[in-house]
Every structure is written in C-alpha cells, then in structure tokens.
Amino acid sequence: KQEVTQIPAALSVPEGENLVLNCSFTDSAIYNLQWFRQDPGKGLTSLLLIQSSQREQTSGRLNASLDKSSGRSTLYIAASQPGDSATYLCAVRGVNQGGKLIFGQGTELSVKP
Amino acid sequence: GEEVAQTPKHLVRGEGQKAKLYCAPIKGHSYVFWYQQVLKNEFKFLISFQNENVFDETGMPKERFSAKCLPNSPCSLEIQATKLEDSAVYFCASSQSGGDEQFFGPGTRLTVL
C-alpha cells in the first residue's frame, strides 16, 4: 500500500530564505507526482506535475525534483515571500491504482516579513 | 468553464439527513475525482469517473454514499443518512485524461450536527 510522508510538518522562515520541502513515498511504481498549495479554507492549487520519467520541473521560483528509485521528491522555493505562506502537499499517482492521488500530510509553511 | 466549480460552498445537515454535493468539471476534461478532507491535511480518495462511467470506486463507503456523472449535468455526490463522522470538506477534481494533472475545485464544507 502506497504511503506518502512529508517532512517537516511545519516550517517557519524569514522572508528571502531559500527552502526545501521533502516528500517520500514507499512504492516507487508511480506514474507521476504532483505538488499542491492549499491556503486556509481554500481548495488546492496545482503547482507542479512531474512525470515518472522526469527528474525535475520548474515554475518561476519553484523547482521540484523526483528520484523515483529512492522514493523521494523535493520542492525548492527560492527567495521566499510572505505570500508563499500556505500548506504544501505532495501527492502521487501509482501504477495500476486508477487515477487517484495518494496525499502526504502536508508541510505548513510560514514566511515572516 | 476554466475552473472546477463546486456547490454549495457550505452545507449543514442534522444527523440522519441527506446531503447532496455538486461538481462541474473543467470543460473538455473527461475524468472527475472526489476526495474527502477530514482532518486538516488528511485526504481520502472516494470515487472517480471517466465521463459518465465509474472508473474507480474503491474508496466509497457504499452503504450511504453514491455518486453520478450524467451527460450535460454537474456530477453529484450524495450521502444518505449523514453521520457526525461525515463532517469534512469534499473536493472534486478533474483532468483531461486519467493520468494528467488534476485540478481541484474550492470544496464543499459539510457539517453534520
């Protein structure tokens, strides 16, 4: 059974810092991995999708990497801003699991001005 | 539309009452997924559709939960005889194909009293 873990559960950093959020999964048989952002009381905003054949994806100040064999992904946020404060979730789509996503517990990020 | 739409935003029901939630996927997307967020960051997959056909229902508590996606109508998730533990935010997501990026709606917060 696929399990997804995110570390740390919470992170507080001063504005301007570069930071890394970690995601690990137990079954390396995945089609893709998706990073989301969730603001309090809101829905999920898709940030990046990495296919299993890819090593990384970039969007603006965000860079996500994938090491499928070791079951790990990282989300790198450069030059963090207070507006980046949110909960970040990673989710994997497993092979032969239909299209459903298995979510981690999330990392709650707070960027202090 | 360009976004996944969910109605209502909030729903309050007494224990034992019926609840019905609606989702309009992004135009042109063939797949619809329903997820339940019970605790702060705990997402549980419920059911998915490929057009009007059930694709994967492995997460559905079949006794009281049912769902439909009919042509030219919003998809729906219905809970008969709600229980306190059904209190959660229910998210709908859609994708072009089963393996593509999933886009989430804003969610429906169900409170069972």
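Chain letters run A, B, ... following the sequence lines, proteins first and then strands; every chain starts at 1.
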**OP:** Treating Ile, Leu, Val, Met, Phe, Trp and Tyr as nodes and any side-chain heavy-atom pair under 4.5 angstrom as an edge, say whether I50(A) and I30(A) lie in one connected cluster.
**Re:** yes
Subject >> Transitive ILVMFWY side-chain link L21(B) to V4(B), under 4.5 Å >> reply: no
Original post:
Around atom CZ of R13(B), are there more than 12 heavy atoms of other residues, nucleotides or ligands at under 6.0 Å?
Top reply: yes
Original post:
Looking only at atom types and distance, does a side-chain atom of Q102(B) sit under 3.5 Å from a main-chain N or O of G99(A), one as donor and one as acceptor?
Top reply: yes
Subject >> Hphob cluster co-occupancy, Y22(B) + L77(B), side-chain heavy atoms under 4.5 angstrom >> reply: no
Original post:
Do L101(A) and F103(B) share a hydrophobic cluster, counting only Ile, Leu, Val, Met, Phe, Trp and Tyr and linking them when any side-chain heavy atoms are less than 4.5 Å apart?
Top reply: no
Original post:
Any sub-3.5 Å donor-acceptor pair from Y35(B)'s side-chain atoms to K100(A)'s backbone N or O?
Top reply: no
Subject >> Closest heavy-atom pair and its distance - D100(B), L49(A) >> reply: C-CD2, 4.5 Å
Original post:
Side chain, backbone, both or neither: which part of F91(B) has a non-hydrogen atom closer than 4.5 Å to chain A?
Top reply: side chain
Original post:
CZ of R72(A): more than 12 outside heavy atoms within 6.0 angstrom?
Top reply: no
Original post:
Is there a path of hydrophobic side-chain contacts, each under 4.5 Å between heavy atoms of I, L, V, M, F, W or Y residues, that connects F49(B) with Y90(B)?
Top reply: yes
**OP:** Could you look at Q105(A) and say if it's the side chain, the backbone, both or neither that has a heavy atom under 4.5 Å from chain B?
**Re:** both
**OP:** Check L44(A), I102(A), V4(A) against F43(B) for a side chain to side chain contact (heavy atoms under 4.5 Å, CB included) and give me the one that passes.
**Re:** L44(A)
Subject >> Residue, of G104(A), A91(A), S46(A), that accumulates the most heavy atom pairs under 4.5 Å with chain B >> reply: S46(A)
**OP:** Measure distances from Q37(B) to the heavy atoms of chain A and classify the residue's part below 4.5 Å as side chain, backbone, both or neither.
**Re:** side chain
**OP:** Against chain B, label Q6(A) side chain, backbone, both or neither, depending on which of its atoms sit under 4.5 Å from a heavy atom there.
**Re:** neither
**OP:** With a 4.5 angstrom heavy-atom cut-off, could you sort out which part of S97(B) is near chain A: side chain, backbone, both or neither?
**Re:** neither
Original post:
Say you draw a straight line from CZ of F104(B) to CG of L89(A); how long is it, rounded to the nearest 0.5 Å?
Top reply: 9.0 Å
Original post:
Do F45(B) and F103(A) have ring centroids that are under 6.0 Å from one another?
Top reply: no
